[in-house]
Asker: 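Quick one: this structure, given as structure tokens, is what I'll be asking you about.
Note: hydrogens, waters and symmetry copies are ignored here, and every other heavy atom, side chains too, is used.
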Amino acid sequence: MVVRLFMRQFQHNLIRQLKRYSKRAALKGERLESQWETVIGLEIHAQISAKSKLFSGSGTTFASPINSMVSFFDASLPGTLPAGYQITQQRCPLAKDGHVEYLAPDEVHRKLVLKRARLTQLQLEQDSGKSLHDVEMSHSLIDLNRAGIGLMEIITEPEFCSAVEAASFVRELQLILQVIGVCDGKMEEGSLRVDASVSVRRPSEPLGIRSEIKNLNSIRHLMRSIEFETLRQISILESGGQVLNETRAYDVETGETVSMRDKERLHDYRFMAEPNLPPLRLYTNDTVPNGVPSDQIINVDELRAMLPELPNAKRERLKKQYGLSVEHSNVFVNEPTLLECFEKIVANQNLQNVKIASNICINEVLAAVNKKNIAFSASNLSAESVGELVELVQDEVISLLTLRKILEVLLQDSSKLPKQVIEERGWHQVSNETALENICCQVIAANPKVVDDYRDGKTKVFNYLIGEVQKKLSGQSNVKAVVRIMKQKLDT
């Protein structure tokens, strides 16, 4: 139940992929994979949120007309400028030896567990241009709109052991970058791209030969490519072959990885110092030089103090402040607008139980918008409407079944409030003891065999009888009262 809840919420970002991954892994060779270990390292390329490129004033607007965001410098014109190659901080990165904590589902214990991924380094670099291939005309064209855009390259240690772990980490990193405002994290627009290095080995053996899957632009593609590549390498080794150290691409149509180039035979990169760039110096409070204007200094301690609440800290706060579970806290962190709605409800209402608000926000509201394949932020459901639903359920004015019907109406017409919908449609909950008792007696009389089965010990049929009462009252009965009355009738 816990893992299923996590998976459902993460559907727009990760969760549905986790379900599919688990099913496919079971079908494609769970027994074979248990004899091997997968080792995964990641390189994440995050586009810096800036209006201009690193070394030119050209714009960075996504989906601009081809070659419309290009200066002479970006295109290496007129040919005498020191450009035409990619500039990176490969040897002198901004940061080294970091880590990111993230939550990942543990299928064995059916819960979320906190994991830590080590970061090798974070460096600045330029994005490159894009090739456009016309197969029919046998032509390749170049779009330089991306050339020179600033990227953060974040490199992890090779310590992820499954596609689920790698995907969970990328989602956490995506959240962090979005929260601090340095990257919008829109993978579908290419502003966050992932390269995955995958190898397999038998337990206790040295690392195997790796293949690198390039330019993965969705979490689904990341998971599926790692899954396929793992099974591909295992199959090769099981048949006595050897895995090549190569660069591969993920084919979305076939769900397979395909070879791009052999990294053993091609010298992909040649590095040289860039003499035209001065050093970029970072300081802390203890190392700031005297007499230098503050606007000419990058003080890491000052920047750290300005950071907003990060995802992991937010989860901890939600657990302590509201008593939420790890799973509910994680759902809210992955749905910022829903969390904002939840906290407004809790702040503005005298709730007897915060858990009711949490359950309704996640199990009902989020489920309803996910069913329509829209984000909560695009649903136009207000905190006032959701808060009113919470209040109505808490006060037993409506049942959860009625709540779901009201949500359907609100998602069609957000100008109405729940109480208005209830009045217009007569959807008040039936809690009158006499009325409920009469319906229960009718259901018992109409189902003598089911009643006999229940009294003979087949207690599972009890839910069928409750369902029959609900049908007669169009799902508007007070379920707690119905259960109590039905038990009294059957057990006496």
Side-chain angles (χ1 to χ4, degrees), residues 2-3 5-18 42 44-49 95 98-106 111-119 122 152 154-157 159-160 162-188 191-194 218-220 222-223 300 303-344 346 354 357-358 361-362 366 370 375-377:
V2 164
V3 172
L5 174 63
F6 172 71
M7 290 179 176
R8 182 183 63 196
Q9 184 278 331
F10 213 162
Q11 178 221 341
H12 286 295
N13 307 299
L14 174 61
I15 299 311
R16 285 188 179 175
Q17 294 98 348
L18 298 187
L42 301 176
I44 297 91
H45 301 270
Q47 180 177 323
I48 297 169
S49 295
H99 71 269
V100 169
E101 291 184 338
Y102 65 100
L103 289 175
D106 182 343
K111 64 179 182 179
L112 294 175
V113 294
L114 186 66
K115 293 180 176 288
R116 172 181 285 205
R118 290 179 296 154
L119 304 184
L122 181 153
M152 289 174 283
I154 302 166
I155 304 170
T156 77
E157 292 292 312
E159 55 189 18
F160 302 104
S162 70
V164 170
E165 278 192 9
S168 299
F169 165 80
V170 170
R171 175 54 181 155
E172 183 73 6
L173 183 62
Q174 183 184 40
L175 278 173
I176 292 171
L177 297 176
Q178 289 170 333
V179 166
I180 64 179
V182 296
C183 175
D184 63 23
K186 295 179 180 178
M187 299 187 77
E188 70 279 6
S191 59
L192 188 71
R193 308 191 297 274
V194 182
S218 80
I219 289 178
R220 178 191 300 176
L222 172 65
M223 294 187 67
V300 175
L303 294 174
R304 183 181 289 113
M306 294 166 58
L307 287 175
E309 186 179 41
L310 297 179
N312 207 37
K314 187 169 290 184
R315 290 188 196 95
E316 291 302 314
R317 176 177 66 80
L318 293 174
K319 286 191 292 181
K320 291 178 182 179
Q321 185 173 348
Y322 303 116
L324 300 183
S325 66
V326 174
E327 291 71 32
H328 274 204
S329 299
N330 194 57
V331 170
F332 279 128
V333 168
N334 280 279
E335 293 285 346
T337 52
L338 184 65
L339 173 58
E340 184 181 350
C341 172
F342 166 76
E343 295 203 280
K344 283 182 179 178
V346 173
V354 172
S358 174
C361 284
I362 292 173
L366 189 59
N370 283 349
F376 175 77
S377 57

Asker: Looking at V331, V326, N330, L324, which one forms a side-chain contact (heavy atoms from CB on, under 4.5 Å) with L318?
Answerer: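 In the set V331, V326, N330, L324, the residue that makes a side-chain contact (heavy atoms from CB on, under 4.5 Å) with L318 is L324.
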Asker: Counting only heavy atoms not in K319, do more than 12 fall under 6.0 Å of its NZ?
Answerer: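 More than 12 heavy atoms, drawn from other residues, nucleotides or ligands, come within 6.0 Å of this atom.
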Asker: Quick test of your reading of the model: are R315 and E172 salt-bridged, counting only N-O distances below 4.0 Å?
Answerer: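 So R315 pairs with E172 through a salt bridge.
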Asker: Under a 4.5 Å cut-off applied to non-hydrogen side-chain atoms, are L103 and V113 in contact?
Answerer: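 SC-SC contact between L103 and V113 ruled out.
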Asker: Does any non-hydrogen side-chain atom of F332 lie less than 4.5 Å from one of I362?
Answerer: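 When only atoms from C-beta onward are counted, F332 and I362 do touch, with a gap below 4.5 Å.
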Asker: Return the minimal non-hydrogen interatomic distance between R171 and I219, and the atom names on each side.
Answerer: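 Taking every non-hydrogen atom into account, CB-CD1, 3.9 Å.
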Asker: Which atom names give the shortest non-hydrogen contact between C183 and S191, and what distance separates them?
Answerer: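 Scanning both residues, the minimum pair turns out to be SG-O, 3.4 Å.
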Asker: What pair of heavy atoms forms the shortest contact from A46 to L192, and how long is it?
Answerer: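 In terms of heavy atoms, the two residues are closest at CB-CD1, 3.7 Å.
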Asker: So do P105 and L112 actually touch side chain to side chain, heavy atoms under 4.5 Å?
Answerer: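 Yes, side chains in contact.
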Asker: Please determine whether side chain to side chain contact (heavy atoms under 4.5 Å, CB included) holds for the pair I155 and L119, giving the CA-CA distance in whole Å, both sets of side-chain angles, and the decisive distance to 0.1 Å.
Answerer: CA-CA 6 Å; I155 304 170; L119 304 184; over 6 Å; no
Asker: So, do P308 and I180 sit near enough that their side-chain heavy atoms are less than 4.5 Å apart?
Answerer: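 They are in side-chain contact.
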Asker: Do L173 and L42 touch side chain to side chain, with heavy atoms closer than 4.5 Å?
Answerer: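 The answer is no; the side chains never approach within 4.5 Å.
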Asker: Which distance, rounded to the nearest 0.5 Å, do you find between the CE of M223 and the OG of S168?
Answerer: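 Rounded to the nearest 0.5 Å, the CE-OG separation comes out at 7.0 Å.
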Asker: Quick one: closest heavy-atom pair of Y102 and E165, and the distance?
Answerer: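 What the structure gives for the nearest pair is CE1-O, 3.6 Å.
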Asker: Just how far is it from atom NZ of K314 to atom CD of E309, taken to the nearest 0.5 Å?
Answerer: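 It is 5.0 Å, given to the nearest 0.5 Å.
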Asker: Hey, are the side chains of I154 and V100 touching, using non-hydrogen atoms and a 4.5 Å cut-off?
Answerer: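 When only atoms from C-beta onward are counted, V100 and I154 do not touch, as no gap falls below 4.5 Å.
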Asker: Say you draw a straight line from CD of E327 to NZ of K111; how long is it, rounded to the nearest 0.5 Å?
Answerer: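 Rounded to the nearest 0.5 Å, the CD-NZ separation comes out at 9.5 Å.
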Asker: Can you list the residues that meet the ring-ring contact (aromatic ring centres under 6.0 Å, His included) rule with F376, with sequence neighbours excluded?
Answerer: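 F376: no ring-ring contact (aromatic ring centres under 6.0 Å, His included) contacts found.
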Asker: Let me confirm one number: the CD-CG distance from Q174 to D184, rounded to the nearest 0.5 Å.
Answerer: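 Here the interatomic distance stands at 9.0 Å.
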Asker: Can you find a pair of side-chain heavy atoms, one from N312 and one from I176, that are under 4.5 Å apart?
Answerer: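 No, too far: nothing below the 4.5 Å cut-off.
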Asker: For C341 and T337, what are the C-alpha separation, side-chain angles and deciding distance, and is it a side chain to side chain contact (heavy atoms under 4.5 Å, CB included)?
Answerer: CA-CA 6 Å; C341 172; T337 52; over 6 Å; no
Asker: Could you measure the distance from the CZ atom of F342 to the CG atom of L366? Nearest 0.5 Å is fine.
Answerer: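 Between atom CZ of F342 and atom CG of L366 there are 13.5 Å.
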Asker: As an exercise, state the distance from NZ of K186 to CD of Q178, rounded to the nearest 0.5 Å.
Answerer: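 It is 9.5 Å, given to the nearest 0.5 Å.
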Asker: Which pair of heavy atoms, one from R118 and one from E159, lies closest together, and at what distance?
Answerer: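 Result for this residue pair: N-OE2, 2.6 Å.
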Asker: Side chain to side chain contact (heavy atoms under 4.5 Å, CB included) between L222 and M187: does it pass, once the steps are laid out?
Answerer: CA-CA 11 Å; L222 172 65; M187 299 187 77; 6.0 Å; no
